[in-house]
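To start, the structure under review is shown below, and the notes come after it.
Note that the structure is a prediction, hence the values are computed from the model and not measured. In what follows, chains are A, B, ... by sequence order, proteins preceding strands, each numbered from 1.
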There are 2 protein chains.
Amino acid sequence: MNNNVKIAKALSDPIRYKIMLMLAQSEAGCCPIPGVEDQRPGLCNCELMTELGLIQSRVSYHMKELVEAGLVTEEPRGKWKMYFINTKSLRQFMEQLNQDFALR
Amino acid sequence: MNNNVKIAKALSDPIRYKIMLMLAQSEAGCCPIPGVEDQRPGLCNCELMTELGLIQSRVSYHMKELVEAGLVTEEPRGKWKMYFINTKSLRQFMEQLNQDFALR
DNA sequence: CCATCATATCAATTTTTTTTGATGGAAAGC
DNA sequence: GCTTTCCATCAAAAAAAATTGATATGATGG
């Protein structure tokens with residue numbers, strides 16, 4: 001299946017789209033480990049759960065979908081799992097849309 | 001529901017994505033009416049059926065999805081129904097992605 | 001080691017989407 | 001008028017996706 005279809009499918013769920021927005025807007029990493037410098041903006045499951053009001057397995061499911069589509073990268077941080085938006089894949093998605101549909 | 005989610009959902013089916021590609025690449029309108037000047041590039045159900053090898057109701061269903069998402073416009077032409085890609089909606093989709101995810 | 005916390009995964013269920021075959025309507029040609 | 005062609009829509013079935021609750025894994029801190 002065409003990769004753009006995969007990306008579109010990942011973005012086609014309201015919860016996942018909202019999660020992407022949250023990742024894009026996250027200012028500082030949640031669950032910071034004291035002393036660790038690299039605190040890229042990102043979110044962990046725990047934060048997503050509380051913000052979205054969803055149970056853990058549901059968040060986990062959607063994050064897996066986003067990661068498998070390549071829209072999100074993940075990184076264990078201590079006992080937490082941090083998620084980061086992968087803007088590169090979004091750019092590629094748009095680039096492909098431009099090509100496919102001769103938008104420029 | 002967010003309009004980008006609607007667009008993404010419409011694009012998230014392989015058949016619909018392929019139809020969009022076909023519409024984008026259509027050179028001349030099929031089912032031309034003799035004497036009518038305005039023959040914008042577009043396709044009708046009949047052509048989509050044969051090209052895709054799908055039954056009529058299935059094509060009809062997917063075209064309805066695309067039209068309702070705003071990705072495609074339709075126009076009766078004689079007993080045929082012509083479909084045209086709506087690049088404007090695609091542009092808006094991408095513009096919104098840019099904004100939402102701070103891609104530029 | 002043990003208890004706890006954060007997350008992953010699984011099976012069962014629910015919901016949504018897609019597909020199909022049938023029927024009906026509208027336009028075109030005879 | 002009648003027939004044919006093209007398309008829309010419907011109900012039922014099939015397929016796919018999402019949700020839930022339970023259980024498992026893995027790191028942390030005592």
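Residue His62(B) places at least one side-chain N or O closer than 4.0 Å to OP1 or OP2 of dT19(C). Distances shown here put every side-chain N or O of Lys64(B) at or beyond 4.0 Å from the OP1 or OP2 atom of dC7(D). Phosphate contact (OP1/OP2 of dA8(D), side-chain N/O of Lys81(B), threshold under 4.0 Å): present. When the side-chain nitrogen and oxygen atoms of Ser60(B) are compared with OP1 and OP2 of dA8(D), one or more of them lie within a distance under 4.0 Å.
Met82(A) places its CE atom 13 Å from the C1' atom of dA6(C), with the value rounded to the nearest Å. One can place OH of Tyr61(B) at 15 Å from C1' of dA12(D), the figure rounded to the nearest angstrom. Summarising the geometry, the separation between CD on Glu75(B) and C1' on dA27(C) is reported as 16 Å, rounded to the nearest angstrom. Rounded to whole Å, atom C1' of dT19(C) lies 9 Å from atom CD1 of Ile15(B). For the pair Asn45(A) CG and dT9(C) C1', the interatomic distance rounds to 13 Å; values are reported in whole Å. Between Arg77(A) atom CZ and dG26(D) atom C1' the separation is 18 Å, expressed in whole Å. When rounded to the nearest whole Å, the span between CG of Leu43(A) and C1' of dT7(C) equals 15 Å. Atoms CG (Leu48(A)) and C1' (dA6(C)) sit 13 Å apart, rounded to a whole Å.
In this structure, the separation between CD1 on Ile7(A) and OG on Ser12(A) is 11.5 Å, given to the nearest 0.5 Å.
When distances are taken from the side chain of Arg58(A) to each of dA28(C), dT20(D), dC5(C), the shortest belongs to dT20(D). If you check dT9(C), dT18(C), dT20(D) against the side chain of Ile55(A), the one that comes closest is dT20(D). Here the nucleotide nearest the side chain of Trp80(A), chosen from dT19(D), dT18(C), dA6(C), is dA6(C). Considering only side-chain atoms of Cys46(B), the nucleotide from dA8(C), dC7(D), dT20(D) that sits closest is dC7(D).
Heavy atoms only, all atoms of each residue included: Val72(B) and Leu23(B) are closest at CG2-CD1, 3.5 Å.
Outside the 6.0 Å centre-distance limit, the rings of Phe101(A) and Phe93(B) are not counted as a close aromatic pair.
Judged by atom type and distance alone, Gln56(B) reaches the base of dA8(D) through a side-chain donor-acceptor pair under 3.5 Å.
In this structure the side chain of Leu66(A) never reaches within 4.5 angstrom of the side chain of Tyr83(A), judged on heavy atoms. In this structure, Gln92(A) and Lys88(A) have side chains that are in contact, with non-hydrogen atoms separated by less than 4.5 Å.
Residues Leu54(A) and Lys9(A) each lie close to DNA chain D; by heavy-atom proximity, the contact nearer the 5' end of the strand is made by Lys9(A). When each of Arg16(A) and Lys79(A) is assigned the nucleotide of DNA chain D with its nearest heavy atom, Arg16(A) is the one assigned upstream, toward the 5' end.
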